[in-house]
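Please read the structure below before turning to the comments.
Residue numbers start from 1 in every chain, and the chains themselves are labelled A, B, ... in the order their sequence lines are given, proteins ahead of strands. No experiment lies behind these values; they were computed from the predicted model shown. Because only heavy atoms are used, hydrogens play no part in the values below, and waters and symmetry mates are left out as well, while side chains stay in.
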2 protein chains.
Amino acid sequence: MSESPSPRWLDADERETWLAVISLTIRLPAALDRQLRRDAGIGHFEYQVLAGLSEAPDRTLRISELAEFADGSLPRVSQVVSRLERRGWVRRGSDPTDGRYTLATLTDTGWDKVVATAPGHVEQARRLVIDRFDPAERARLREFADRITAASADRHDGLPSR
Amino acid sequence: MSESPSPRWLDADERETWLAVISLTIRLPAALDRQLRRDAGIGHFEYQVLAGLSEAPDRTLRISELAEFADGSLPRVSQVVSRLERRGWVRRGSDPTDGRYTLATLTDTGWDKVVATAPGHVEQARRLVIDRFDPAERARLREFADRITAASADRHDGLPSR
DNA sequence: CGTGTTCACTTCAAGATGCAACCGACGCGG
DNA sequence: CCGCGTCGGTTGCATCTTGAAGTGAACACG
């Protein structure tokens, strides 16, 4: 209780950058969701789960691996897998080597769904991001994004303050 | 129905960039929400609404202006304003010059809330983003973000076919 | 005026999320 | 073996978001 109540404000320039980044984090996911929802009837998160499975050996992953891959909480992934299971795209099973794990496996129908959906999604990824940057810019973009992501992952969130 | 079924895939490099950007759009908003929720009991969206009002003349904006400012749908903003109203931070009123508009006004209590919340939020913005880039990088970051945001805003989402 | 349309907003139902409590499956110490 | 803590997942609940339908105020046209 002896700190400066008002920290360094953002100047006009910093503010613009901040707003630009915030806008990005809102509009890009929204655009991805729209395209997927419209063309494939699934959200981006569900797509990530399906895509993750489609690339895994035996098209199978543990729920927890899936959660890490798709950047989601365990309850959320569990829910999503249930939904995908209901739609016939994923099958649940428990890991023979350790009954605590649950394995999610992509069905053949699920595989078909991914194959049908991926091209449109990749096209969107290109149109919204990838194709708008030349290789040098891309490297920089990636580095910038990683920098922010790393900071955000820091469980150092609040004001533990110095 | 006579196109290439499989478009240009992403190569390893492009893929990395893509994943980095996606990660950013998931982790940064999550980190912002965590800090605000924890320190102020509100989400980032609610904060944006309050902040928008706090900077507006008379601390007042139309719901629709608020929606545009905060990047949210009209129903969502309407709901949020109701919530904020219940908490005593915002007051509703109809526009005398055109009864169709609804004006949202920040109360004094609401102003205090913003004043109390802003420093922590700005600090977070600095730690996660702003302070990690020197001025030249910041300009570039902003330009990159704008490029993607502009593309995402394009109502050109899906596969307009052809 | 009167009818119809547009506009800004609100409401409602359905679906999605996060959080916290809960549950069964290991694994280790005794 | 038994008991206990841990680990991965699941479930329940409270909240939030979304999309569609509804409301009422202004305008437009005959």
Side-chain angles (χ1 to χ4, degrees), chain A residues 25-27 29-38 41-50 53 60-87 90-105 155 157, chain B residues 25-27 29-38 40-49 53 60-87 90-105 155 157:
Chain A
T25 64
I26 293 174
R27 295 222 163 104
L32 290 175
D33 264 351
R34 268 201 307 277
Q35 184 267 321
L36 281 170
R37 188 76 63 189
R38 181 149 65 62
I42 59 179
H44 183 235
F45 189 76
E46 288 166 284
Y47 177 78
Q48 294 246 75
V49 168
L50 292 176
L53 291 176
T60 297
L61 282 177
R62 295 169 175 172
I63 299 283
S64 43
E65 293 171 321
L66 221 37
E68 187 186 1
F69 175 85
D71 266 320
S73 65
L74 249 142
R76 188 182 181 186
V77 173
S78 180
Q79 267 300 118
V80 168
V81 168
S82 300
R83 247 180 279 152
L84 298 176
E85 212 176 2
R86 248 175 269 132
R87 299 235 235 167
V90 170
R91 203 176 27 248
R92 240 186 257 258
S94 85
D95 189 332
T97 73
D98 186 335
R100 285 172 298 186
Y101 292 97
T102 303
L103 301 177
T105 305
R155 266 317 166 279
D157 285 330
Chain B
T25 65
I26 293 174
R27 296 221 162 104
L32 290 176
D33 264 352
R34 269 201 305 276
Q35 183 267 321
L36 281 170
R37 188 77 62 190
R38 181 146 67 60
I42 59 180
H44 183 236
F45 190 76
E46 287 166 285
Y47 177 79
Q48 293 244 74
V49 167
L53 291 177
T60 297
L61 282 176
R62 295 170 174 170
I63 300 283
S64 43
E65 293 172 320
L66 221 36
E68 186 185 3
F69 175 84
D71 266 319
S73 65
L74 223 75
R76 188 182 181 186
V77 173
S78 179
Q79 289 268 66
V80 168
V81 168
S82 299
R83 248 179 278 152
L84 298 175
E85 213 176 2
R86 248 175 267 134
R87 299 234 235 169
V90 170
R91 204 178 26 248
R92 241 184 253 258
S94 87
D95 189 333
T97 74
D98 187 333
R100 284 172 300 185
Y101 291 97
T102 304
L103 301 177
T105 305
R155 266 318 166 275
D157 286 329

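- By the ring-ring contact (aromatic ring centres under 6.0 Å, His included) test, B:Phe69 pairs with no residue at all, sequence neighbours left out.
- In this structure A:Asp71 satisfies the side-chain hydrogen bond (donor to acceptor under 3.5 Å, both in side chains) test together with B:Ser23, B:Arg27, sequence neighbours excluded.
- Taking A:Tyr101 as the reference, nothing meets the ring-ring contact (aromatic ring centres under 6.0 Å, His included) condition, with sequence neighbours excluded.
- Note that the first and last nucleotides of DNA chain C, 5' to 3', having any atom under 4.0 angstrom from a heavy atom of chain B are C:dC7 to C:dT11.
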Query - Base versus backbone protein contacts along nucleotides 5-18 of chain D [heavy-atom cut-off under 4.0 Å; B, S, -] - result: --BSSBB----SBS
Pairs of donor and acceptor atoms involving the side chains of residues 72-81 of chain B, under 3.5 Å and at least two apart or interchain, shall be tabulated with distances.
{"from": "B:Ser73", "atom 1": "OG", "to": "B:Arg76", "atom 2": "N", "distance (Å)": "3.3"}

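- Not counting sequence neighbours, the partners of B:Asp95 by the side-chain hydrogen bond (donor to acceptor under 3.5 Å, both in side chains) test are B:Arg62, B:Thr97.
- When the side-chain hydrogen bond (donor to acceptor under 3.5 Å, both in side chains) test is applied to A:Glu68, no partner is found at least two apart in sequence or on another chain.
- A:Ser94 is linked by a side-chain hydrogen bond (donor to acceptor under 3.5 Å, both in side chains) to nothing, counting only residues two or more places apart in sequence or in another chain.
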